[in-house]
There are 2 protein chains.
Amino acid sequence: MPLRFTLRQLEYLVAVGEAGSIAVAAERINVSSPSISAAIAHLEQEFGLQLFVRRHAQGLSLTSAGRQMFDHARQVLAQAGQLNDLAASITQTVQGPLHVGGLITFAQVILPQLRRSFTDLHPQVDFHQSEGDQPELYDRLRNARLDAALGYDLDIPADLAFVPLASLTPYAVLPASHPLAAQASLTPQDLAPHPMVLLDLPLSADYFLSCFHAAGLKPRIVERTRDMGVMQSLVGQGFGYSIANIRPWSGRSPDGQPLRFVPLTGEVRPMQLGLILPAGAQSSLTLRSFVAHCRAQLTPEKVRSLRPGIDPEA
Amino acid sequence: MPLRFTLRQLEYLVAVGEAGSIAVAAERINVSSPSISAAIAHLEQEFGLQLFVRRHAQGLSLTSAGRQMFDHARQVLAQAGQLNDLAASITQTVQGPLHVGGLITFAQVILPQLRRSFTDLHPQVDFHQSEGDQPELYDRLRNARLDAALGYDLDIPADLAFVPLASLTPYAVLPASHPLAAQASLTPQDLAPHPMVLLDLPLSADYFLSCFHAAGLKPRIVERTRDMGVMQSLVGQGFGYSIANIRPWSGRSPDGQPLRFVPLTGEVRPMQLGLILPAGAQSSLTLRSFVAHCRAQLTPEKVRSLRPGIDPEA
DNA sequence: GGTCCAGCCTAACCCCGGCTGAAGCAGATC
DNA sequence: GATCTGCTTCAGCCGGGGTTAGGCTGGACC
């Protein structure tokens with residue numbers, strides 16, 4: 001059942017109700033009086049009741065019924081006007097819901113503290129987070145279930161934009177007892193003969209393997225897992241080495257085994273960590289400030305896990 | 001600042017928000033998809049923000065900003081829809097404000113009990129009353145400050161309608177000590193020689209005098225007053241007789257003097273008491289029920305003051 | 001009481017905005 | 001690669017709402 005009247009007609013109703021005359025209402029809102037007259041007639045027709053009594057050379061005045069309608073029409077207009085205010089506040093203030101996704105690999109190390117500092121700065125923001133692998137994040141961005149996602153620049157689709165934030169060189173993750181654990185740096189050649197535990201997530205697994213393939217090598221994969229913590233514990237228990245771009249804060253696996261993080265050198269391309277956004281979207285101020293916030297906060301100086309170096313303990 | 005969007009556009013916004021696709025929204029509300037597409041585009045333009053992300057062959061979905069606007073648009077539409085409900089309830093239920101005027105002469109005897117019985121029957125009605133002389137009532141009816149007025153059929157203007165309710169024969173009001181006080185009925189001829197106290201209100205004074213003029217007589221007016229109570233007390237204190245159409249309940253003047261009410265006979269036209277209404281107005285159900293209520297209640301059986309007879313005590 | 005004036009309504013016309021079907025285009029699907 | 005889906009663009013139609021001009025009614029004023 002579509003509404004059979006317009007906001008304009010309601011505007012004229014309240015204008016006449018306030019002015020007490022079509023003529024002065026017309027003057028006030030810069031419209032000709034026949035327009036207003038027609039609008040009033042339409043509303044009376046539509047609602048089936050008399051809104052005004054005509055007093056000939058003395059304007060109109062509201063009937064009791066008309067006053068009820070008048071009062072309600074005012075409320076409708078006020079609320080409709082709030083839509084403009086709401087739109088303005090969305091584009092001009094940092095507020096409202098913000099859905100941020102994080103790549104499962106490092107979400108635990110990055111997202112919570114980023115969320116803390118951003119919501120402390122902007123308490124009006126209703127922050128929601130979720131985690132997923134890279135393709136899952138792409139999907140949610142396209143559904144608008146996410147406003148932005150933290151991830152890597154791996155096969156970014158054309159309909160999404162990437163804002164680089166930090167460059168992460170890969171590490172070899174080794175148990176403390178590993179023969180290579182004491183090295184200051186390692187190459188894919190050094191690692192290839194040893195057994196490997198692969199962090200097997202879409203796209204990032206391809207990246208890890210590419211470090212070897214670029215040098216014409218093939219790693220000895222003995223185990224695969226989709227979980228960062230499981231990978232660390234497997235390494236800690238001596239099942240093999242692994243490759244990662246992020247170090248945990250503690251330098252130990254979840255089950256307490258000491259790990260060593262040795263920078264990988266040679267033919268390895270560093271990984272770009274950044275924000276993935278819907279491309280070409282005229283974004284809200286909230287989203288733009290979040291992007292700026294990420295730029296300011298996600299630096300090696302402020303986030304230990306992004307800092308290069310041999311040992312997180314150092 | 002006129003609103004630069006329409007209710008229809010908001011309807012389309014929520015339809016698409018609910019349907020998740022322009023195509024199915026178009027199907028649902030029987031409009032072509034380009035219309036909806038254009039409406040959405042207009043709103044995005046107008047508010048300066050992106051309401052939906054387009055997912056090509058998979059419809060649209062709301063952005064975070066879009067969801068905020070969507071939620072608010074719903075409220076606006078709901079409230080606009082209530083205007084229809086309000087109009088319906090005005091025309092179909094007995095509710096809302098009702099402004100009733102009463103002629104000052106008898107307002108005290110008639111209006112309060114009428115108001116009591118009507119509001120007991122219809123508690124939803126917000127009853128307002130006011131008193132005035134006949135021209136004042138006409139004026140307020142034309143201003144729509146009154147919905148109806150109780151008065152006499154004296155010079156009813158063409159733009160007002162009259163609903164007769166009771167026929168009131170005039171009385172001579174006499175002090176108990178008056179030489180004519182014991183008569184069963186009196187004629188203007190009987191009264192003319194005696195001093196008269198005139199209730200001097202517009203139109204009704206003309207009526208009282210016409211009782212004499214019709215018989216070629218001229219009363220001896222010794223005092224005039226615009227107040228019913230003052231008139232009674234003047235009569236009670238022996239300053240003269242008076243003429244009235246309504247008897248007070250007690251049969252005594254406000255200062256306790258006994259009064260006699262003797263029916264006037266001869267060339268006297270009875271006065272019609274009735275409801276005065278704006279003519280040709282399509283009235284609300286509330287007003288129509290009030291008219292019906294008056295018809296049912298304002299009878300000599302139910303209202304003692306309307307009862308003909310010599311003595312109210314009888 | 002005649003004249004003037006104020007203010008609403010009607011008439012005639014115009015134009016922008018919204019609606020439509022058809023065609024175009026970009027992704028999704030298989 | 002072919003097909004399908006679904007949004008958008010295009011061209012054209014139509015009507016609602018805009019305007020000015022003029023008629024009508026009732027109040028105001030001399």
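Each chain gets a letter, A, B and so on, in the order its sequence line appears, and its residues count up from 1.
Straight-line distance from the CG atom of B/Asp139 to the P atom of D/dG26: 16 Å, rounded to whole Å. Atom CG of B/Leu43 is separated from atom P of C/dG18 by 10 Å (rounded to the nearest Å). Nucleotide D/dT8 holds its P atom 14 Å from the CD atom of B/Gln45, rounded to whole Å. When rounded to the nearest whole Å, the span between CZ of B/Arg28 and P of D/dG6 equals 13 Å. The interatomic distance linking B/Ile29 (CD1) with C/dG18 (C1') rounds to 13 Å, in whole Å. Between the OH atom of B/Tyr12 and the P atom of C/dG17 there is a distance of 16 Å, given to the nearest Å. When the P atom of D/dG17 is taken as reference, atom CD1 of A/Ile40 falls 13 Å away, rounded to whole Å. Following rounding to the nearest Å, B/Arg8 (CZ) and C/dC19 (C1') show an atom-to-atom distance of 11 Å.
A donor-acceptor pair is defined here as one N or O able to donate and one able to accept, closer than 3.5 Å; no such pair exists between the side chain of B/Ser37 and the backbone of B/Ser33. In terms of modelled atom types and a separation under 3.5 Å, the side chain of A/Arg55 and the main chain of A/Val53 share no donor-acceptor contact. The backbone N or O of A/Asp133 sits less than 3.5 Å from a side-chain atom of A/Glu136, completing a donor-acceptor pair.
In this structure, B/Ser37 reaches the D/dT8 phosphate: one of its side-chain N or O atoms is under 4.0 Å from OP1 or OP2. For D/dG26, the OP1/OP2 oxygens have no side-chain nitrogen or oxygen of A/Arg55 closer than 4.0 Å. Taking side-chain N and O atoms only, B/Ser35 has a distance below 4.0 Å to OP1 or OP2 of C/dT20. Note on B/Ser21: a side-chain N or O is less than 4.0 Å away from OP1 or OP2 of D/dC7. Using a 4.0 Å cut-off, some side-chain N or O of A/Gln9 falls inside it from OP1 or OP2 of D/dG17. At the phosphate of C/dC8, neither OP1 nor OP2 sits under 4.0 Å from any side-chain N or O atom of A/Gln58.
With salt bridges taken as basic N to acidic carboxylate O contacts below 4.0 Å, one links A/Arg54 and A/Glu44.
At the heavy-atom level, B/Ala38 lies nowhere under 4.0 Å from the strands shown.
Between A/Leu10 and A/Phe5, the shortest heavy-atom contact is CD1-CE1, 3.8 Å.
When distances are taken from the side chain of A/Val31 to each of D/dG17, C/dT20, D/dT19, the shortest belongs to D/dT19. Of all nucleotides listed (C/dC9, C/dT20, D/dC7), C/dT20 comes nearest to the side chain of B/Pro34. Side chain of A/Ile22, nearest nucleotide from C/dC19, D/dC7, C/dC8: C/dC8.
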